[in-house]
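Below: one structure, written as structure tokens.
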2 protein chains.
Amino acid sequence: MAVDGIHTKRDRETVTLKQVAERAGVGIMTVSRVINTPEAVSDKLKARVNEAVRELGYVPNRYAGSLASARTSLVTVIVPSLSGRVFGEIIKGADEILSPRGYQIMVSNTAYSLEDEELVCRRVLGWRPEGVIISGIDHTEGTRRLLLDAEIPVVEALELGGNPIDINIGLSHRDAGRAAVDHLLERGYRQLSFIGAQMQIDFRAQRRRQGFLDGLAAAGLQAVHDISFDGKVAFEAGAAAFAQLQDTGEATDAVFCVSDELAIGVLGEAQRRGLRVPQDLAIIGFNDLDVSSAVMPALTTIRSPRKQMGRLAAQALLGDGDLAKKIDVGFELIPRGST
Amino acid sequence: MAVDGIHTKRDRETVTLKQVAERAGVGIMTVSRVINTPEAVSDKLKARVNEAVRELGYVPNRYAGSLASARTSLVTVIVPSLSGRVFGEIIKGADEILSPRGYQIMVSNTAYSLEDEELVCRRVLGWRPEGVIISGIDHTEGTRRLLLDAEIPVVEALELGGNPIDINIGLSHRDAGRAAVDHLLERGYRQLSFIGAQMQIDFRAQRRRQGFLDGLAAAGLQAVHDISFDGKVAFEAGAAAFAQLQDTGEATDAVFCVSDELAIGVLGEAQRRGLRVPQDLAIIGFNDLDVSSAVMPALTTIRSPRKQMGRLAAQALLGDGDLAKKIDVGFELIPRGST
DNA sequence: ATGAAAGCGCTAACAA
DNA sequence: TTGTTAGCGCTTTCAT
């Protein structure tokens with residue numbers, strides 16, 4: 001019977017190895033073996049034990065097991081946000097590799113704060129993960145120290161660069177920003193603007209913006225507008241930012257949005273204002289979300305191989321295939337209707 | 001120093017309570033108290049211990065702690081999919097309540113399979129969660145048995161009904177489907193169609209469809225089209241389904257899509273075919289994703305309070321505020337431009 | 001306020 | 001193939 005509210009377990013009966021062993025009339029090690037290395041037990045005893053396990057509804061206690069064996073089969077993934085589909089895909093990619101190998105993933109959220117990341121890291125290391133996948137390359141010294149001292153494989157994912165703690169899998173966000181401008185310039189646009197969100201806390205977004213500005217400078221141009229507009233929902237922030245930019249500023253004929261959400265917000269707002277995309281306004285985003293190819297016109301964007309990064313990160317942790325310590329997964333500009 | 005690939009920890013040095021105690025020149029219980037109940041230790045010893053903890057980089061081992069105390073501070077959330085933003089929001093809502101209270105969330109994925117759900121359940125109970133949040137009300141007998149035997153609070157979330165294991169928080173998806181038809185009929189549409197995806201495995205989607213069909217029947221009508229079109233990406237499935245429906249079938253003037261993703265796919269395809277929405281075609285979805293209000297025209301949809309369900313589920317587990325065993329969070333039809 | 005002893009439920013290492 | 005023993009690193013309980 002279920003029970004009101006959370007409370008400790010000790011006051012209730014728990015089925016243990018020993019009880020299963022007694023029930024089956026065998027030693028506890030036999031039960032342990034039936035569960036962990038069934039091939040090492042005779043069919044006869046195995047059957048008896050399995051029946052006892054079933055009858056008692058025995059579920060092995062991982063705390064006891066891990067304490068005794070020093071194996072946890074746990075991998076933690078540290079992400080800056082639980083909302084975006086972006087991080088969900090990394091997690092999913094990692095899970096696809098890890099689950100079949102018997103690993104459990106534990107996800108923790110830093111809310112884009114380096115200080116919280118350090119706290120999260122400390123908390124999470126108490127679970128003695130056998131590997132850590134952490135987002136980005138910017139961390140406090142304390143976080144680095146913790147991770148280094150843990151003596152487990154660590155993958156810094158999403159972005160390339162910095163002074164890697166261990167393994168680094170990602171792409172150059174600066175190059176991606178640069179690719180966005182180059183594309184717009186090539187298409188003939190000259191009055192380019194940048195729209196960002198949460199720029200103070202999102203280092204990867206900052207680097208995409210920097211790449212954009214670099215590219216403009218290289219072409220002897222400068223941004224017509226360069227704004228960041230925070231908001232609870234990125235789509236709305238995009239719409240609001242574009243509205244502000246149109247209402248108060250000089251004309252722009254192309255915008256680079258630091259994310260597809262913003263870009264789709266801009267697209268909607270532009271259409272509401274009667275602008276034709278891409279004739280009057282070109283829009284390019286970043287991420288290539290599923291929805292980006294569904295909107296009309298479809299959104300030109302830069303695809304980051306998120307799921308692949310998750311998979312590679314997991315494989316790197318497992319030491320599969322002798323992967324390099326540094327893997328550039330690259331990005332791909334997907335030209336579509338919006339430019 | 002980090003290390004190549006995952007391997008066990010025992011071969012490397014680990015800092016334990018005992019080492020900290022020796023370093024600080026106190027008993028191990030004093031160290032334990034400094035960490036768990038610092039108010040019970042004198043300032044002098046507390047300072048010495050904290051210094052030793054810092055110097056050694058001590059991180060308490062949760063396995064030892066939980067084994068000894070029978071408290072895990074773990075809550076597991078079982079979802080059918082890691083991809084959708086839908087489940088991410090439930091998790092986020094739950095995390096907002098649980099994290100500040102010192103609980104760690106562990107997420108597990110059943111891939112919309114009841115059999116996998118049972119396996120996942122068994123695996124996850126080995127971590128001795130102090131509470132479980134599980135999606136939906138459809139489970140195998142084995143799953144029910146496991147959850148009941150665990151003697152911990154269990155919340156079945158997202159959907160109301162069935163024979164609850166313990167606590168049930170959600171909404172009636174059938175009523176939601178019914179609300180969708182009623183809205184379309186009220187707007188004057190008569191040639192209604194249904195577009196679904198993954199209908200065989202998604203019970204909640206089935207119930208929305210049933211509500212839709214019920215509503216039609218009550219009005220003496222029947223669906224022009226009633227199709228399900230699977231695909232890797234729901235947006236694309238929506239577009240493909242609508243294309244098929246247009247190419248091979250009778251005229252329809254309104255479609256109810258079982259999810260917003262499908263609806264946005266339909267919207268894009270309709271626009272590509274030169275149809276005016278909502279004049280030529282009305283579209284209504286389900287979920288109210290962030291993107292749904294950003295597209296042009298904005299999508300009429302039914303909002304389910306996902307984050308709130310996550311929060312309520314967490315609060316119910318904690319026994320907060322003496323919540324009912326059954327909570328109907330309702331839904332809200334949001335009329336927008338697409339109808 | 002502090003410490004010593006016992007033991008949580010399991011696995012490693014060994015013995016039979 | 002099976003069982004016995006000694007911990008794993010902590011917290012509980014009970015002394016002091």
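Chain letters run A, B, ... following the sequence lines, proteins first and then strands; every chain starts at 1.
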Under 3.5 Å, side chain of Arg62(A) to main-chain N/O of Gly126(B), donor-acceptor pair present?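 A pair under 3.5 Å: no.
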Of the nucleotides dT2(D), dG9(C), dC10(D), which has the atom closest to the Thr30(A) side chain?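 Minimum distance to the Thr30(A) side chain belongs to dT2(D).
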Kindly point out which of dT11(D), dG9(D), dA12(C) is positioned nearest to the side chain of Ala64(B)?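 Per side-chain heavy atoms of Ala64(B), the pick is dG9(D).
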In whole Å, I'd like the distance from the [atom1] atom of [X] to the [atom2] atom of [N].
X	N	atom1	atom2	answer
Trp127(B)	dC10(C)	CH2	P	14 Å
Arg71(A)	dC10(C)	CZ	P	18 Å
Arg62(A)	dC8(D)	CZ	C1'	16 Å
Glu22(B)	dA4(C)	CD	P	12 Å
Met29(A)	dT11(C)	CE	C1'	6 Å
Gln19(B)	dG9(D)	CD	P	8 Å
Leu17(A)	dG3(D)	CG	P	13 Å
Tyr63(B)	dT11(C)	OH	C1'	15 Å

Under the salt bridge (charged side-chain N to carboxylate O under 4.0 Å, His left out) definition, can you give me all pairs with a residue in residues 100-118 of chain A, not counting sequence neighbours?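 Listed once each, the pairs are Arg101(A)-Asp320(A), Glu118(A)-Arg122(A).
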Specify the residues of residues 35-57 of chain B, ordered by number, for which at least one heavy atom lies under 4.0 angstrom from an atom of DNA chain C.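 Within this stretch, Ala40(B), Val41(B), Ser42(B), Leu45(B) sit under 4.0 Å of the strand.
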For Thr16(A), enumerate each residue passing the side chain to side chain contact (heavy atoms under 4.5 Å, CB included) test, keeping only those at least two apart in sequence or located in another chain.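 Here the qualifying residues are Lys18(A), Gln19(A).
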Rounding to 10 degrees, work out the angle separating the end axes of the helix from dA1(C)-dT16(D) to dA16(C)-dT1(D) (five pairs an end).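 The end-segment axes of the helix from dA1(C)-dT16(D) to dA16(C)-dT1(D) are tilted 30° relative to each other.
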Any [X] side-chain heavy atom under 4.5 Å of [Y] side chain:
X	Y	answer
Asp138(A)	Glu159(A)	yes
Phe87(A)	Leu158(A)	yes
Leu82(B)	Val107(B)	yes
Val329(B)	Leu160(B)	no
Leu323(A)	Leu312(A)	yes
Ile134(A)	Thr143(A)	yes

Compare side-chain N and O positions of Ser32(A) against OP1 and OP2 of dC10(C) and report whether any pair is under 4.0 Å apart.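 No, no such contact exists.
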Between dC10(C) and Tyr58(A), is there an OP1 or OP2 to side-chain N/O distance shorter than 4.0 Å?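 Checking dC10(C) against Tyr58(A), a side-chain N or O does come within under 4.0 Å of OP1 or OP2.
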Where each residue is assigned the nucleotide of DNA chain D containing its nearest heavy atom, which of Gly65(B) and Val26(A) is assigned the position nearer the 5′ end?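 Closest to the 5' end, via its nearest nucleotide, is Val26(A).
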Short N-O contact, Lys46(A) and Asp43(A), less than 4.0 angstrom: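 Salt bridge between Lys46(A) and Asp43(A), a charged N being under 4.0 Å from a carboxylate O: yes.
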For Leu317(A) and Tyr103(A), run side chain to side chain contact (heavy atoms under 4.5 Å, CB included): C-alpha distance rounded to whole Å, both residues' side-chain angles, the deciding distance at 0.1 Å, then the answer. CA-CA 11 Å; Leu317(A) 288 186; Tyr103(A) 286 89; over 6 Å; no
Sequence-distant partners of Tyr63(A), ring pair (Phe, Tyr, Trp, His ring centres under 6.0 Å), two or more places apart: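 Tyr63(B).
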Between the protein and nucleotides 14-16 of chain C, which nitrogen or oxygen pairs are less than 3.5 angstrom apart?
none

